[in-house]
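Residue numbering restarts at 1 for every chain, and letters A, B, ... go by the order of the sequence lines.
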Amino acid sequence: MSKKIVLIDGHSILNRAFFGVPPLTNSEGLHTNAVYGFLNIMFKILDEEKPDYLTVAFDRSEPTFRHQMFDAYKGTRKPMAQELREQVPVMKEVLQAMGIKIVEMPGYEADDLLGTIAGMAEVQGMDVSIISGDRDLLQLATEKVKIRIPKTKRTGTEIEDYYAADVVERYQVTPKEFIDVKALMGDSSDNIPGVPGIGEKTATNLIVAYKSIENAYAHLEEITPKRAKTNLEEHYDMAQMSKTLATIEVHVPIEFDMEAAKLTDLYTPEAYVYMKRLEFKNMLTRFSDDMSQNDLEKYFHVYHELDEIQNFFDGFSAKEAAVSFFEEAGIVYGLAVAKSNQNVVYLTCGGFVTEGYLEEQVQKLCDGLDTLITPDLKGLLKHVRVPETKNCIDTTIAAYLLNPLKNEYTYDDLARDILGLMVPSKLDLLGKLKIKKAAEEKPEALELMVCYEAYTCIAAKNQLLEQLEDHDMKKLYDEIEMPLVYVLADMEKEGVRAEKAELEAYGAQLTGRISELETSIYEKAGETFNINSPKQLGVILFEKLQMPNGKKTKTGYSTAADVLERLAPDYPIVSEILEYRQLTKLKSTYADGLALCIAPDGRIHSTFNQTITATGRISSTEPNLQNIPIRMELGRLIRKVFVPKEGYVFIDADYSQIELRVLAHMSGDQNLIAAYQHAEDIHRITASQVFHTPLEAVTDLQRRNAKAVNFGIVYGISSFGLSQDLSITRKEAEGYIASYFETYPGIKIFLDRLVTDAKEKGYAETMFGRRRPVPELASSNFMQRSFGERIAMNSPIQGTAADIIKIAMIRVKQRLEREQLKSKLILQVHDELLIEAAADEEEYVKTLLAEEMRHAADLAVTLEVDVKSGRNWFEAH
DNA sequence: CCAGTCACG
DNA sequence: ACGTACGTGACTGGA
């Protein structure tokens with residue numbers, strides 16, 4: 001049997017796949033659809049053909065010799081979409097990881113290389129398959145060389161096959177003649193001009209009759225119809241040039257080592273890493289199950305017995321170690337200590353080994369370390385005391401700073417991205433089991449998981465630190481993020497006192513009104529239905545009651561508040577629905593939700609997450625204490641249930657327009673800076689300047705508009721957004737913006753620079769060096785790109801404000817501690833800090849808090865802080 | 001598990 | 001022409 005080679009036209013198939021597969025990105029935001037489609041096509045062909053050799057050819061970006069000869073036709077090709085361009089290098093890396101031979105050569109197109117190699121293989125007696133989306137390649141078809149053109153259809157990929165005979169059958173001409181047809185008719189996508197006035201039909205007829213362009217010219221006089229004859233006559237040079245352009249060069253001086261193209265096992269560990277990274281889950285099934293196998297497990301030791309564990313701790317002398325553990329509901333299920341990347345020990349409670357004993361031992365172990373590495377320092381601090389002076393490395397926080405866009409920072413991702421190593425993930429090891437169940441049902445898997453995590457931490461930490469250095473983020477990491485861990489840990493531990501009985505009373509009061517509304521709504525609707533279902537509500541309002549239907553969503557009618565508010569004046573039922581919505585929200589999320597979160601100590605211990613937001617803010621969960629109602633009076637009353645413990649008061653301080661002040665500083669706009677230097681009311685001054693009105697004469701409406709513009713500026717202004725917010729026309733909004741930028745020209749220049757800088761660098765950056773990648777800026781999609789521009793304008797501002805309040809938190813905490821005050825920082829709400837202060841420290845702490853917040857950053861404008869105390873959060877804010 | 005809605009800065 | 005404000009988290013209903 002003769003040997004078989006498959007040759008793939010890289011760019012052509014990638015291009016096909018790009019347009020044939022719907023947009024797809026992995027969680028890092030990398031586009032992956034073309035690579036995905038390419039691999040699918042390739043696997044299908046390989047499964048079918050089982051070739052002995054495989055090679056993929058790519059074009060080089062340099063102009064080819066063929067095209068260089070004709071300057072005029074160079075460079076008219078459309079540039080590749082960014083979403084596709086970014087996938088080309090990835091594609092090549094994936095192929096390389098699979099051990100597939102790639103050929104490319106400056107000055108030649110992939111076609112030329114494919115033609116040349118096909119010729120060589122044919123001479124050696126091989127069967128050749130060329131895979132391309134491009135019909136030009138049909139000219140290469142012979143009895144042994146098959147051209148295969150994949151078509152992406154809804155039913156999957158179908159492939160059209162052409163040997164020389166099939167070309168004749170389909171196009172009436174031989175592969176050689178096909179060149180001439182193509183040259184006559186031209187091909188705009190390939191920059192082949194062709195002969196004007198001659199299309200596919202005429203070209204085919206001519207070549208069927210005369211076999212070649214040259215012969216057609218030799219018989220020019222006989223040619224009919226007349227038009228074709230004249231066209232040919234007048235554009236002879238065009239025809240010749242087109243033929244040169246259309247002819248694939250099959251004698252490229254390339255040294256092609258057939259053995260290097262020999263098809264080996266594609267399913268390599270390196271390729272597996274790529275599949276994981278690209279998140280091609282169904283491709284992973286092609287890899288053998290043991291692909292995640294590595295030889296690390298020989299370094300893992302599991303100790304269960306008291307004497308082994310005692311020996312381990314007694315003999316422990318390392319100065320650097322990674323500590324990792326898993327807990328659930330406060331119970332620690334397992335702990336691993338990595339002394340080096342060749343020595344990981346797993347320890348667990350049970351029998352004589354009590355949790356208390358283990359904690360004590362780990363405490364001692366940590367005390368003895370110079371460097372403590374962990375994936376979750378805040379979590380560790382719940383069990384172990386670690387002085388803030390200790391050199392600690394939190395690998396999750398490091399990874400977050402390097403890329404804040406990820407949804408999660410798991411050890412298996414870290415191992416893959418930093419170490420290029422596949423380790424089994426939590427899902428691989430435990431499946432969907434909860435930790436508690438896993439501890440009972442498959443303890444070995446849990447042991448492995450914790451060991452892998454500790455291993456990954458210690459093995460990756462140097463590279464993480466190096467990357468932080470490289471990105472100039474070491475200071476941000478050392479002086480803001482790491483110290484903040486201790487602040488957040490304390491805040492979580494401390495919690496906020498909440499009065500359960502009061503909360504329940506509040507809830508009960510809501511319930512009464514809710515059922516009244518319910519009855520009335522059903523009556524007005526003429527039937528009962530689920531008011532909480534936007535779908536059912538939409539049907540009632542817009543179909544049954546025939547209300548003018550405003551906006552629509554993907555799934556049906558929009559019943560969002562802004563739509564309902566427009567209908568409310570005309571339909572009493574709508575006002576009732578709005579009130580119903582408001583009350584049920586308060587009941588379910590706040591009254592009931594918060595009550596469930598009150599711990600036995602009478603306090604709510606929220607979790608503050610430091611690695612969630614793209615901008616550098618912190619977030620709060622279970623419960624979210626950063627969105628407690630305040631804007632509406634009824635909701636605001638909830639704040640009365642948040643109270644300090646006996647003998648204490650609340651002190652609440654918030655920054656006044658911190659983001660706008662950050663903007664004034666960063667932009668250096670003299671007018672805005674000056675406005676802040678003299679003024680109490682920045683929105684009024686803005687209104688006065690923007691609307692050319694004396695300060696005293698500014699109306700409430702003008703002030704409100706100016707305020708909206710100020711907000712808009714911080715969000716990355718768009719006339720549409722502003723017009724929506726103010727219920728004005730786009731034109732009017734444009735006018736406001738233009739006049740704002742005239743007043744503050746430095747702001748305009750600054751915002752433009754933020755966008756160009758982010759475009760150039762690929763990320764937006766805060767004053768303190770925090771970065772946020774903005775891949776959207778490179779999108780060819782207008783909407784995506786505009787979004788990227790707004791991100792580029794907003795992130796440095798929001799992020800810098802976040803940096804500043806973090807600095808304030810660290811300083812406030814350190815001062816409270818250093819001065820041995822009893823008062824504690826307990827909450828942060830983006831521009832606001834809440835302290836539970838001992839009554840006798842009230843005045844001092846008020847000053848301390850305001851001072852530390854004001855001086856957290858040295859800006860061109862002062863940072864104003866409003867500070868207030870009270871017997872509950874309602875009063876203090 | 002996602003979409004819609006709404007609470008906050 | 002495109003179709004929008006920036007950043008979060010919790011709850012509900014309905015595939």
Sugar-phosphate, base or nothing in reach of Ile797(A), heavy atoms under 4.0 Å: nothing
Atom pair distance, as rounded to whole Å: CZ in Phe711(A) and P in dC8(B): 13 Å
Salt bridge (charged side-chain N to carboxylate O under 4.0 Å, His left out) partners of Lys535(A), counting only residues at least two apart: none
Sugar-phosphate only, base, or nothing, as touched by Thr559(A) at under 4.0 Å among non-hydrogen atoms: sugar-phosphate
Sugar-phosphate only, base, or nothing, as touched by Val829(A) at under 4.0 Å among non-hydrogen atoms: sugar-phosphate
Cationic N near anionic O, under 4.0 Å, Glu659(A) to Arg617(A): yes
Sugar-phosphate only, base, or nothing, as touched by Gln536(A) at under 4.0 Å among non-hydrogen atoms: sugar-phosphate
Touch class at under 4.0 angstrom, heavy-atom based, for Ala708(A) against every strand present: base
Summary of salt bridge (Lys or Arg N to Asp or Glu O under 4.0 Å) pairs that have at least one residue in residues 775-802 of chain A, sequence neighbours excluded: Lys759(A)-Glu789(A)
Spacing between Asp592(A) atom CG and dA7(B) atom C1', to the nearest angstrom: 15 Å
Touch class at under 4.0 angstrom, heavy-atom based, for Ser718(A) against every strand present: base
Cation-aromatic face contact Arg771(A)/Tyr763(A), 6.0 Å, 45 degrees: yes
Between Thr729(A) and Glu732(A): side-chain donor-acceptor atoms closer than 3.5 Å: yes
Check ion pair Lys761(A)-Glu765(A) (N to O, under 4.0 angstrom): yes
Any Arg636(A) side-chain nitrogen or oxygen under 4.0 Å from OP1 or OP2 of dA7(B): no
Trace of the side-chain hydrogen bond (donor to acceptor under 3.5 Å, both in side chains) decision for Gln828(A) with Gln626(A): CA-CA 7 Å; Gln828(A) 186 253 42; Gln626(A) 292 181 322; 3.1 Å; yes
DNA chain C: 5'-most and 3'-most nucleotides touching chain A, 4.0 angstrom heavy-atom criterion: dC2(C) to dA15(C)
Touch class at under 4.0 angstrom, heavy-atom based, for Gly712(A) against every strand present: base
First encountered from the 5' end of DNA chain C, between Ser719(A) and Ser795(A): Ser719(A)
Sugar-phosphate, base or nothing in reach of Asn624(A), heavy atoms under 4.0 Å: sugar-phosphate
Audit row: Asp654(A), His877(A), side-chain hydrogen bond (donor to acceptor under 3.5 Å, both in side chains) steps and yes/no: CA-CA 8 Å; Asp654(A) 68 310; His877(A) 191 78; 4.8 Å; no
C1' atoms of dG3(C) and dC8(B), separation to the nearest Å: 26 Å
Touch class at under 4.0 angstrom, heavy-atom based, for Gln724(A) against every strand present: nothing
Touch class at under 4.0 angstrom, heavy-atom based, for Arg785(A) against every strand present: nothing
Euclidean distance, atom CG of residue Leu827(A) to atom C1' of dG9(B) [Å, nearest integer]: 13 Å
Sugar-phosphate only, base, or nothing, as touched by Ile791(A) at under 4.0 Å among non-hydrogen atoms: sugar-phosphate
Separation of atom OH in Tyr590(A) from atom P in dT5(B), rounded to whole Å: 17 Å
Where Tyr506(A) and Gly635(A) come nearest, the two heavy atoms and their spacing: OH-CA, 3.7 Å
Sugar-phosphate, base or nothing in reach of Ala801(A), heavy atoms under 4.0 Å: nothing
Parallel, tilted or perpendicular, as decided by the 30° and 60° cut-offs, for the rings of Tyr557(A) and Phe542(A): tilted
Stretch residues 512-519 of chain A: residues that reach within less than 4.0 Å of DNA chain B through a heavy atom: none
Under-4.0 Å salt bridge between Glu481(A) and Lys806(A): yes
Sugar-phosphate, base or nothing in reach of Ala614(A), heavy atoms under 4.0 Å: sugar-phosphate
For atom CG of Asn530(A) and atom P of dG4(B), their distance in whole Å: 17 Å
Pairwise P distance, dT4(C) and dG4(B) [rounded to whole Å]: 12 Å
Sugar-phosphate, base or nothing in reach of Thr584(A), heavy atoms under 4.0 Å: nothing
Residue met sooner reading DNA chain C from 5', once Asp725(A) and Ser533(A) are mapped to nucleotides: Asp725(A)
Nucleotide dG9(B), atom C1' - distance to CD1 of Ile804(A) in whole Å: 15 Å
Per-nucleotide pairing state of DNA chain C [Watson-Crick or G-U, under 3.5 Å; [ ] pseudoknot-crossing; | other strand]: .....|||||||||.
Listed partners of Phe691(A) passing ring-ring contact (aromatic ring centres under 6.0 Å, His included), at least two apart: Tyr736(A)
Lys/Arg-Asp/Glu bridge criterion (N-O < 4.0 Å) met for Arg513(A), Glu518(A): no
Leu578(A) CG - dT5(B) P separation (whole Å): 12 Å
Salt-bridge contact Lys544(A)-Glu527(A) (side-chain N to carboxylate O under 4.0 Å): yes
Euclidean distance, atom CD1 of residue Ile618(A) to atom C1' of dC8(B) [Å, nearest integer]: 14 Å
Phosphate contact (dC6(B) OP1 or OP2) by Arg581(A) side-chain N/O below 4.0 Å: yes
